[in-house]
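Shown next, in structure tokens, is the structure this report addresses.
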Amino acid sequence: MANNNGTLTNAAGIPIASNEVSKTAGKYGPLLMEDYTLLEKMAHFNRERVPERVVHAVGAGAYGTFTVTDDITHLTKAKLFSEVGQETEVFARFSTVAKSKGGSDIYRDIRGFSVKFYTEDGNWDMVGNDTPIFFMRDPMKFMDFIRSQKEHPESNWRQDEMWWDFWSQVPESLHQVMWLMGDRGAPMGWRHLNGYGSHTFSFINAQEERIWVKFHFKTDQGIKNFTEEQWQKLQGIEPRWATKDLFNAIDEGNYPSWTMYIQTMTEEQAKNFQWNPFDLTKIWPHADYPLQKVGRFELNRNPENFFAEVEQAAFSPGNMVPGISWSPDRMLQARIMSYADAHRYRLGVNYDTIPVNKPHATEANTPYRDGSMRVDGNYGNRRNYHPTEYKYPTADQKAAPPAYGVEGMADRQELDEKDYADQAKMFYQILNDGEKDRLVHNISGSLGKCRDSIKQRQLGLFREVDEHFAERVKTAMSEVEPLKPEPKPASV
Ligand code: NDP
């Protein structure tokens, strides 16, 4: 039985006479142009989709609360950390990276881990991943990397050979590749993974002192992963496994939570750090830079409408509030531009006025006007230029982070460190025997499908991590059956 929920209207609020039957010239005759109800319905349907995200298209999200548990006011003046017990509303979105919308959400891939903190000083977007590192340290390679993970330009299927072709020629990817092919490359949904800010950021305290910082969010549900065989089977049965798992847990009141930690490094320590502290392919060892507990966020409210609140959610590493700032990390600097730019393209120039994206704990008061889908008051009769002798908001010099020094020549300068194997070795050493076995199994099953030149190049990198490990991969690859139908090698 239909559930009456008021009168159905068109977009102008005019009652609709029928939602089922179109208007025709005679019972068996053609449709009439004057059936505006039908025309509007079909025209709107044609425009229902916005462009999907180029990366991280498959995802899910929820609202929640962040609570400060430990005092860090000596490190940052960010208002959300003002006192122990203070609560801030958050919206988190989790995602896979490579697949297009409609793809499964439990295959082997990095996971996006983004949290929007609706603070009194505006929204802080912590746009992270489930790994503390990444495949590269220069954004010039980013587009090529993503294309290597997506569909072949000719066949339109993802093929392992494109991944290894790229990775084997970008040695700094080694650390992240080992991680991705290990147990944590196939997490059991969104609830059982850690989140990391990955980049180095900075904290600014009330004395305007800067300290470098890394963000960690450890799952309180415990780490759980799928084996290669489990996710391969399960994604065919339930391609929305992770999305359902998150939604159902929150729906049942079983709220997932993450404990937030930071690592800090003084500017003096940064100068003497063994590696480049702003290199996204490197972690800061816990033993030297211990985790300090800060707080905890819990997700406790599902969105009511996926498109409105998750598909239209837009996160940007440009959104830093006073007390938190960037670092010279090249990848971070590029993301400051590219994320907001992607949202302007995907959702329109006024994407930040969509309810999930606008500040919740304060009001935006911008110099921006007009543009498509300007559906708020557009600042009414306020002057749209500055300076003016009429009323206009004033800038606040106190919001500026302190200056930091730069040196050297303006030029294209490669980060030419030959240290790409250092931390890949450290990673290999923390694995137990079972984890090492599965790493060999996962790598050989994928690399084993590639042409010989690619295998040899990647094996050369694995030898720099551990000779025995590389030998095991080589032996295991000899037993791998090529996929049928065999993907064509990339065009040369
Ligand atoms: P530690 O021995 O102090 O810490 C190792 C960390 O690795 C732990 O935080 C643990 O996370 C995590 N870990 C354990 N097993 C795996 C796995 N199979 N895949 C991915 N991560 C795992 O190490 P260091 O700080 O000296 O770093 C050594 C290596 O540990 C690095 O090469 C890095 O790849 C990895 N690592 C380092 C992190 C860091 O920020 N320092 C963070 C995560 C990993 P948990 O406690 O949640 O189990």
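Indexing begins at 1, ligand by ligand and atom by atom, following the structure's order.
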Would you find a donor on one side and an acceptor on the other, under 3.5 Å apart, between the side chain of Tyr404 and the backbone of Arg210? no
Partner residues of Phe113 under the ring pair (Phe, Tyr, Trp, His ring centres under 6.0 Å) criterion, sequence neighbours left out: Phe94, Phe217, Trp258
Under 3.5 Å donor-acceptor, Thr200 side chain and Pro277 backbone: yes
Under 4.0 Å from ligand 1, counting heavy atoms only: the protein residues, by chain and number: Pro132, His175, Trp179, Arg184, Asn194, Tyr196, His216, Lys218, Gln263, Ile283, Trp284, Pro285, His286, Gln423, Met426, Phe427, Ile430, Leu431, Glu435
Listed pairs under 3.5 Å, donor-acceptor, residues 246-255 side chains, sequence neighbours left out:
residue, atom, partner, partner atom, Å
Asn248, ND2, Lys244, O, 3.4

Can you list everything that forms a salt bridge (Lys or Arg N to Asp or Glu O under 4.0 Å) with Lys218? Sequence neighbours excluded, please. none
Non-hydrogen atoms of Phe201 and Gly197 that approach each other most closely: CE1-O, 3.6 Å
